[in-house]
Amino acid sequence: MGRKIFISYKYADNDVENITDDPGKWWTCTVRDYVDVIEETLKSKTDHIYKGESDGEDLSQLKDSTIWEKLKNRIRDSTLTIIMLSKGMREKFKEEKYQWIPQEISYSLKEVSRKDKNENPVKSKTNALLAVILPDINGMYDYFTYKKTCCSSGCQFYDSNSSLIFSIMSGNMFNHKNPYANSCDVGHTIYHGDCNYMLCVKWSDFVDDMESYIDKAYEIQDNQDNYNIQKEI
């Protein structure tokens, strides 16, 4: 059965690797080009339903309040929120509560009541959450994740305290109530299994097997009582 998927992203962030066929887009490829790949894959190769903004659908001329009502309707009708984690996703000098991405994430995690077409009350459920980490303009992921070389474990590092991401994202990482963890040979904590409610995956892995990562995000959602989910900005 197809799932309804909303994608949250910074449209104009161009600090991403060029994935288009046009070498001239080295400086003009944006996060939207990555979203296009996902949208096309969802439409052509799966029965999932894309609930986000399509390219060419210009909402910029609308008031923020009008845009937000449109977005809320789409988010309420979705069950998975994919976050495109990019190097320039966050505006440093603007409060998070005034930026679209954290608002969208927060709303997708809340259980929101509304009325259906028959005026019966319906409550939305907490969405599954999947962060797709995009390569920067040099094709690197190390602004957020990399393999540690300090010991023999070679464990993966995710910078949940990064100033590049939003606090609601950080709050949904390493938030399992009873995580399975141990120390490596230099004393660092290594987490195993599904320690994050927000599943994180690099674009290079995700694009090759979208379906399995989407399924994994829903598996975590099915066990959401095991997590301290941060829903507020």
Side-chain angles (χ1 to χ4, degrees), residues 3-10 13 16 31 34-35 38 42 48 51-52 71 74-76 78-90 96-97 99-112 124-135 141-146 155-181 189-207 209-233:
R3 279 90 168 234
K4 295 180 179 180
I5 298 172
F6 182 84
I7 302 181
S8 184
Y9 63 102
K10 183 67 175 291
D13 182 7
V16 290
V31 176
Y34 287 79
V35 175
I38 298 177
L42 294 178
H48 301 315
K51 300 296 297 184
L71 291 174
R74 297 178 185 185
I75 295 169
R76 273 198 303 261
S78 67
T79 56
L80 166 65
T81 300
I82 293 178
I83 308 157
M84 306 300 278
L85 196 165
S86 59
K87 199 170 184 178
M89 69 186 302
R90 180 174 177 174
E96 291 191 20
K97 64 182 179 180
Q99 298 188 49
W100 288 115
I101 294 175
Q103 290 185 68
E104 292 165 356
I105 297 170
S106 176
Y107 195 76
S108 75
L109 293 173
K110 293 177 180 177
E111 296 179 340
V112 181
S124 64
K125 296 181 179 180
T126 296
N127 273 20
L129 208 58
L130 171 60
V132 179
I133 307 161
L134 304 185
Y141 295 92
D142 58 2
Y143 67 92
F144 183 73
T145 183
Y146 56 86
C155 50
Q156 188 79 20
F157 174 77
Y158 292 101
D159 190 0
S160 60
N161 296 313
S162 173
S163 61
L164 299 176
I165 66 173
F166 298 99
S167 59
I168 195 168
M169 299 172 70
S170 300
N172 287 297
M173 296 182 66
F174 307 108
N175 61 330
H176 196 287
K177 293 176 182 176
N178 297 291
Y180 171 38
T189 300
I190 302 175
Y191 291 90
H192 303 275
D194 302 325
C195 55
N196 299 340
Y197 184 73
M198 183 181 74
L199 178 64
C200 297
V201 57
K202 292 193 294 186
W203 171 260
S204 55
D205 295 322
F206 178 72
V207 73
D209 194 4
M210 291 187 191
E211 196 75 41
S212 68
Y213 289 103
I214 289 172
D215 287 343
K216 185 62 180 178
Y218 279 106
E219 180 184 324
I220 294 173
Q221 180 197 40
D222 288 340
N223 295 288
Q224 63 184 267
D225 289 344
N226 293 332
Y227 298 84
N228 292 310
I229 301 176
Q230 179 178 324
K231 301 184 179 183
E232 299 290 343
I233 299 172

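All figures in this text were calculated on a predicted structure; none of them were measured in a lab. Count residues from 1 along the sequence.
One side chain, Lys231 or Thr126, offers a donor N or O that lies under 3.5 Å from an acceptor on the other. Side-chain atoms of Thr79 and Tyr218 include a donor-acceptor pair closer than 3.5 Å.
Between Tyr213 and Leu130, the shortest heavy-atom distance links the atoms O-CD2, 4.2 Å. Looking at every heavy atom in both residues, Ser78 comes nearest to Phe6 through OG-CB, 3.7 Å. The shortest heavy-atom contact between Ser108 and Leu129 is OG-CD1, 4.5 Å. Of all heavy-atom pairs between Leu134 and Ser86, the closest is CD1-CB, 4.2 Å. Nearest heavy atom pair, residue Pro135 against residue Trp203, reads CD-CB, 3.9 Å. Pairing each heavy atom of Ser106 with each of Ile233, the nearest pair is CB-CG1, 3.8 Å.
With rounding to the nearest 0.5 Å, the separation of CD1 in Ile5 from CG in Leu42 is 4.5 Å. The line from CZ of Phe206 to CD1 of Ile133 is 12.0 Å long, rounded to the nearest 0.5 Å. One distance of note links OG of Ser170 with CG of Asn196; it measures 10.5 Å at 0.5 Å rounding. A distance of 10.0 Å separates OH in Tyr158 from CE in Met198, rounded to the nearest 0.5 Å. For the atom pair Ile101 CD1 and Leu85 CG, the distance stands at 8.5 Å (nearest 0.5 Å). A distance of 10.0 Å separates CD1 in Ile105 from CD in Gln230, rounded to the nearest 0.5 Å.
The side-chain heavy atoms of Lys4 and Arg74, taken from C-beta on, include no pair separated by under 4.5 Å. Counting heavy atoms from C-beta on, the side chains of Tyr9 and Ile82 never come closer than 4.5 Å. Between Leu109 and Asn172, the closest side-chain pair of non-hydrogen atoms falls below 4.5 Å. The closest side-chain heavy-atom distance from Met84 to Ile38 is below 4.5 Å. Side-chain contact between Val132 and Tyr34 is absent, with no heavy atoms from C-beta onward closer than 4.5 Å. Using a 4.5 Å heavy-atom threshold, the side chains of His48 and Glu211 count as touching. Between Lys110 and Glu232, some side-chain heavy-atom pair lies under the 4.5 Å cut-off. Two residues are said to be in side-chain contact when any heavy atoms from C-beta on lie closer than 4.5 Å; Met89 and Leu164 fail this criterion.
Between Phe174 and Tyr191, the ring planes lie tilted relative to each other; the angle falls in the 30° to 60° range. The aromatic rings of His176 and Tyr227 lie perpendicular to each other, with more than 60° between the two planes, well past the 30° mark.
Counting only distance, with no hydrogens or angles, the side chain of Ser162 and the backbone of Asp159 share no donor-acceptor pair below 3.5 Å. Under a 3.5 Å cut-off, the side chain of Lys177 and the backbone N or O of Asp225 do form a donor-acceptor pair. Without hydrogens or angle criteria, Glu96 side chain to Ser167 main chain gives a donor-acceptor distance under 3.5 Å. A donor-acceptor pair under 3.5 Å links the side-chain atoms of Asn223 to the main chain of Glu219, judged by distance alone.
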Notebook entry, point to check: Which is it for Ile165 and Ile83 under the side chain to side chain contact (heavy atoms under 4.5 Å, CB included) test, yes or no, and what are the steps along the way?
Noted result: CA-CA 11 Å; Ile165 66 173; Ile83 308 157; over 6 Å; no
Note to self: Pair Lys10, Arg90 - check side chain to side chain contact (heavy atoms under 4.5 Å, CB included), show working.
What the structure shows: CA-CA 8 Å; Lys10 183 67 175 291; Arg90 180 174 177 174; over 6 Å; no
Next item on the list: Take Val201 and Lys216 through the test side chain to side chain contact (heavy atoms under 4.5 Å, CB included) and record every step on the way to the result.
Entry: CA-CA 11 Å; Val201 57; Lys216 185 62 180 178; over 6 Å; no
Check: Checking side chain to side chain contact (heavy atoms under 4.5 Å, CB included) for the pair Leu71/Tyr107: CA distance, chi angles, key distance, verdict?
Finding: CA-CA 10 Å; Leu71 291 174; Tyr107 195 76; over 6 Å; no
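Using a cut-off of 4.0 Å between Lys/Arg side-chain N and Asp/Glu carboxylate O, Asp215 and Arg3 are scored as salt-bridged.
Checked against side chain to side chain donor-acceptor pair (under 3.5 Å), Ser8 has the following partners two or more places apart in sequence or in another chain: Glu104.
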